[in-house]
2 protein chains.
Amino acid sequence: MTDDQAPPPKAAPSGGGPVTMATIGRLAGVSQVTVSRALSDPSKVSPATLAKIREAIAVTGFVPNALAGALASRRSRLITALVPSITNIVYAAMIKAFSERIRAHGYQILLSETGLDPADEEMLIETHLSRRPDAMLLTGIHHTPRARRMLLGAGIPVVEVWDITDSPIDLCVGFSHAEAGRAAADYAISAGYVRAGTVSADDERAARRKAAFVARFAPAAEAAIEAVDFDGPASLERGRRGLAELLDARGFAGGVIFCSSDLLAHGVLIEARARGLAVPADIAVIGFGDQDFAAHVEPALTTVRVDRPAFGQAAAEAILARFDGTGPQAPVTDLGFRIVARRSA
Amino acid sequence: MTDDQAPPPKAAPSGGGPVTMATIGRLAGVSQVTVSRALSDPSKVSPATLAKIREAIAVTGFVPNALAGALASRRSRLITALVPSITNIVYAAMIKAFSERIRAHGYQILLSETGLDPADEEMLIETHLSRRPDAMLLTGIHHTPRARRMLLGAGIPVVEVWDITDSPIDLCVGFSHAEAGRAAADYAISAGYVRAGTVSADDERAARRKAAFVARFAPAAEAAIEAVDFDGPASLERGRRGLAELLDARGFAGGVIFCSSDLLAHGVLIEARARGLAVPADIAVIGFGDQDFAAHVEPALTTVRVDRPAFGQAAAEAILARFDGTGPQAPVTDLGFRIVARRSA
DNA sequence: TTGTACGCGTTATCAA
DNA sequence: TTGATAACGCGTACAA
C-alpha cells in the first residue's frame, strides 16, 4: 500500500468527508488550485489535465461549494428579493421576469415575503443582507430608517420596484399610483359617469390610487363616493361582497366602481350579473392590472394596464448595468401605465 | 496615538474594509469569539460585555456574514426549493405555506423555477446544491438519473412534493393524480353523464389525471371522448377556446367537461354563458384545484379539492422532523384529494 | 466568563 | 501551465 506516502496534513483518505476540490485534485494528480482554475477558466489549464479533472468530477459527482467561493471572492452571485406576497400574481409575474433575466447572467434569487409590516421587512432585510447578496430588490419605497441605513451600508445595488419616488435608496423602477388613480377618474368622468364607488383590498399603494381617484372624481360627483375597504387580500368573493355592500348597505344607486385589482373587479361583474344588473348601463366597473383574464370575462374589463414583466426586466437591467459599470443610468425609471378601455366601463 | 499597539496581523485600522466580528470585538474591547458567542448564545457572555458588544453592533450597523458562518459550522440554514412555475397559484400557495413554516425555524428559502424540462431541473439542482442547503424541496417525482445521484450524494433531506411514488429519493408528500382523475370520472358517471370531453393545459401531471379520467369514463361513454390540449399554461382565454374548439370543431354535443384546472373550467363556464348554453344542463364542468374563486363563480364550480397549503406544511414538517431526528416518520405521505360537488356538474 | 488556535473550501497573488 | 501560500469571516475545540 502506498498509503503512507499521502501527506499527513489534509483530508480524509477515503469516502469520509465531503468531496472538495482537493479531493478532485488528488484523484487527477494535480493541486487544488488547478481544479479551481479548471472550473473557473478551463482555458488556463492544459487539455490533458482538464480531461483528468473532468473525469474525477464525473466519477465523484463533485459540486463546488459556492459558500466558500463567495467568501473568498467576495461575490456571492446571489441577488435577494423581497415582495409583499408571492401568491399575488402582480408580484409573482414581476419576479418571474426579474429572475429569468438575472439568472441568464449566472445569478440566483433568494426570495422572501414581507407581508404588510415594515418592521418585518426590516428583519428580513437584515437576514437577507447576512447572505451577502451582490444586489437586492425591494418592493415599494417605504422602509424603516434602520433598513435604509443597513442597505446603504451594504454598498450594493438596491432597486425599489413598483412605485416611484424622487429619493430612492439607490435605483427605482415603478410608476405613480396617484397618477393612475387620477387617470381612472378622468376616464370615468369623460365617459359621463356622475356617481362612483370604490372597492379595495388592503394595500398601501391601492389606497393611494383610490385616494387620488376620489379626489379627482369628487368635483364631478352628484353623490358621495362610497368606499368599501377589505382587510385582507383581493379575491373574487370580496369583489362580489364589495358590490353587495355598496348596493345593500351604502345606498349606492349605480354608477362607476373603481376596484383595486382586476380580481375584485371580476367579482363585482359576477355579482352584478347574479343580480340581473346590466354592465355598464347600471354598474360600470374599472379594474386594475390588466391581468390575462381581464380581456376575456363578460363583459371585457376596462382596467389600468401595468406591464408587470417590464418592471422585473427593467429592475434586472438596472442592476446588471451597475455590475458592468455600464453608463451612469438614471436612478429612477418611470414605466407608466395605460387605461385600457373595454366594455365594462 | 496608540496606533502602534494594535497587533500587526489583522484588519484595517479605520473605515477601510467590511465590518466583521473582529471589528466589533475591537470596538467593545473583546475578542472575535466573544462577539460570536454574544450573537449565538447571549447567556454565555457577561451582561457588561454584552452591552458593549450590542452598542458596537448598533453603531456600526454590523450584519454577520452568514456565508462564513455556514462554511465554518457546515450548516447553511438555507433550504432550496424547485417549482415548475412561481406564477402558478398551485405552486405559489404550496411554497408560501412551506416558507412560513420553515422560516419560523430560522431557515431561508432559495426558490427557482424549473419550467418543464428535466434537463433544466438537473442544472438547477446542481447550482442549488452548490449553495450547500440543509434540505431541498422538489416538485414532482421525475428527475434525471444524475439529478438523483447528486441529491443522494448531498446527504440532506429531500422532499418530493405534489405527486406520489413508492420509491422517493428521500421523503415524499403528495397525492395520486391518477386516482383523482378516476374519482372525477366516477362522479361524472354517477351524476348520469354519458358524454365527456377534456380541456387541459401542458402539464405532465394533468395529463395523467386526464388519461385516468378517460380510461374510467370510457365504458360509460356513448360517444368518443374528445380532448383539447393546449401547449402552454392554463388561462381563462384557453378555457373559452377549449369549449369553442370542442363545440365547433370536434362535434361535441354536450355533456361533462373535465378540465385540468379551475382557471380553464372558469373559461369554459364563461364561454358557455356567452353562447347561451345552460350549465350544467347543456354543458357540465369539473375543474381541478378548488381555488378560492371556484365557489364564487356562476354557477359555482364542481371541482377536485387539493389542500395546497397542507402540502407545503407537510413537506416542512417532514424536513424539520429529519433535522430533529424526531421519529423515523413514514417516507411517503398521501394527502389525498376530495371531489367538491357544486352546481356546475 | 473569555481567549487561542485551527479549520471550513474556495479565490487571489505570487512565484516557478 | 502549475503550485505554494495567504486571505475570506466565522464556528468549534480546548485552554485559561
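Residue numbers begin at 1 in each chain, while the letters A, B, ... track the order of the sequences.
Heavy atoms from other residues, nucleotides or ligands lying under 6.0 Å from CD of A:E55 number 12 at most. The neighbour count for A:R132 CZ, taken as heavy atoms of other residues, nucleotides or ligands under 6.0 Å away, is above 12.
Applying a 4.0 Å cut-off to non-hydrogen atoms, the residues of residues 69-77 of chain B that approach DNA chain C are B:L71, B:A72, B:R74, listed by residue number. Contacts with DNA chain D (heavy atom under 4.0 Å) in residues 122-133 of chain B: none are found.
OP1 or OP2 of C:dG3 has at least one side-chain nitrogen or oxygen of B:T34 nearer than 4.0 Å. Contact annotation: A:S36 does not reach the phosphate of C:dT10 (side-chain N/O to OP1 or OP2, under 4.0 Å). Close to D:dG9, at under 4.0 Å from its OP1 or OP2, lies no side-chain N or O of B:T20. Considering only side-chain N and O atoms, A:T49 lies under 4.0 angstrom from the phosphate OP1 or OP2 of D:dT2.
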Determine, stepwise, if the pair B:E122 / B:M150 fulfils side chain to side chain contact (heavy atoms under 4.5 Å, CB included). CA-CA 9 Å; B:E122 180 186 301; B:M150 290 192 295; 4.1 Å; yes
Take B:H142 and B:E121, measure what side-chain hydrogen bond (donor to acceptor under 3.5 Å, both in side chains) needs, and give me the verdict at the end. CA-CA 10 Å; B:H142 298 310; B:E121 193 203 41; over 6 Å; no
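Both A:V63 and B:P47 sit near DNA chain C, but only B:P47 has its closest nucleotide nearer the 5' end. Between B:V30 and A:V19, the residue anchored nearer the 5' end of DNA chain C, judged by the nucleotide with its closest heavy atom, is B:V30.
B:K52 places its NZ atom 15 Å from the P atom of C:dT1, with the value rounded to the nearest Å. Between the CG atom of A:L67 and the P atom of C:dC8 there is a distance of 15 Å, rounded to whole Å. Rounded to an integer number of Å, the gap from B:Q32 CD to D:dG11 C1' is 8 Å. Atom pair B:D41:CG and D:dT12:P shows a separation of 11 Å (rounding to whole Å applied). Look at CE on B:M21: it is 16 Å from P on D:dC8, rounded to the nearest Å. If you measure from atom CG of A:L39 to atom P of C:dG9, you get 16 Å, rounded to the nearest angstrom. A:K44 places its NZ atom 13 Å from the P atom of C:dC14, with the value rounded to the nearest Å.
Here the side chain of A:T80 pairs no donor or acceptor atom with the backbone of A:H128 at under 3.5 angstrom. Checking side-chain atoms of A:S85 against main-chain N and O of A:N88 turns up a donor-acceptor pair under 3.5 Å. Judged by distance alone, with hydrogens and angles left aside, the side-chain atoms of B:D163 form no donor-acceptor pair with the main-chain N or O of B:I141 at under 3.5 Å. Using modelled atom types, no side-chain atom of B:S130 and backbone atom of A:N65 make a donor-acceptor pair closer than 3.5 Å.
Side-chain atoms of B:R37 lie closest to C:dT2 of the nucleotides D:dT2, C:dT2, C:dT10. Looking at the side chain of A:V45, the nearest of the listed nucleotides D:dC10, C:dG9, D:dT2 is D:dT2.
As judged by a 4.0 angstrom heavy-atom cut-off over every strand, A:V33 is placed among the base-contacting residues. Residue A:S40 is classed as having no contact, given no heavy-atom separation below 4.0 Å to the nucleic acid.
Residues B:I79 and B:I319 form a side-chain contact, since some pair of their non-hydrogen atoms from C-beta on lies under 4.5 Å apart. A:C172 places a side-chain heavy atom less than 4.5 Å from the side chain of A:I164.
For the helix from C:dT1-D:dA16 to C:dA16-D:dT1, the angle separating the two terminal helix axes comes to 30°, with each axis derived from five pairs and the value rounded to 10°.
Using a 4.0 Å cut-off between charged side-chain N and carboxylate O, B:E113 and A:R103 make no salt bridge.
Aromatic ring pairs are classed by plane angle as parallel below 30°, tilted from 30° to 60° and perpendicular above 60°; the pair A:Y107 and A:F323 is parallel.
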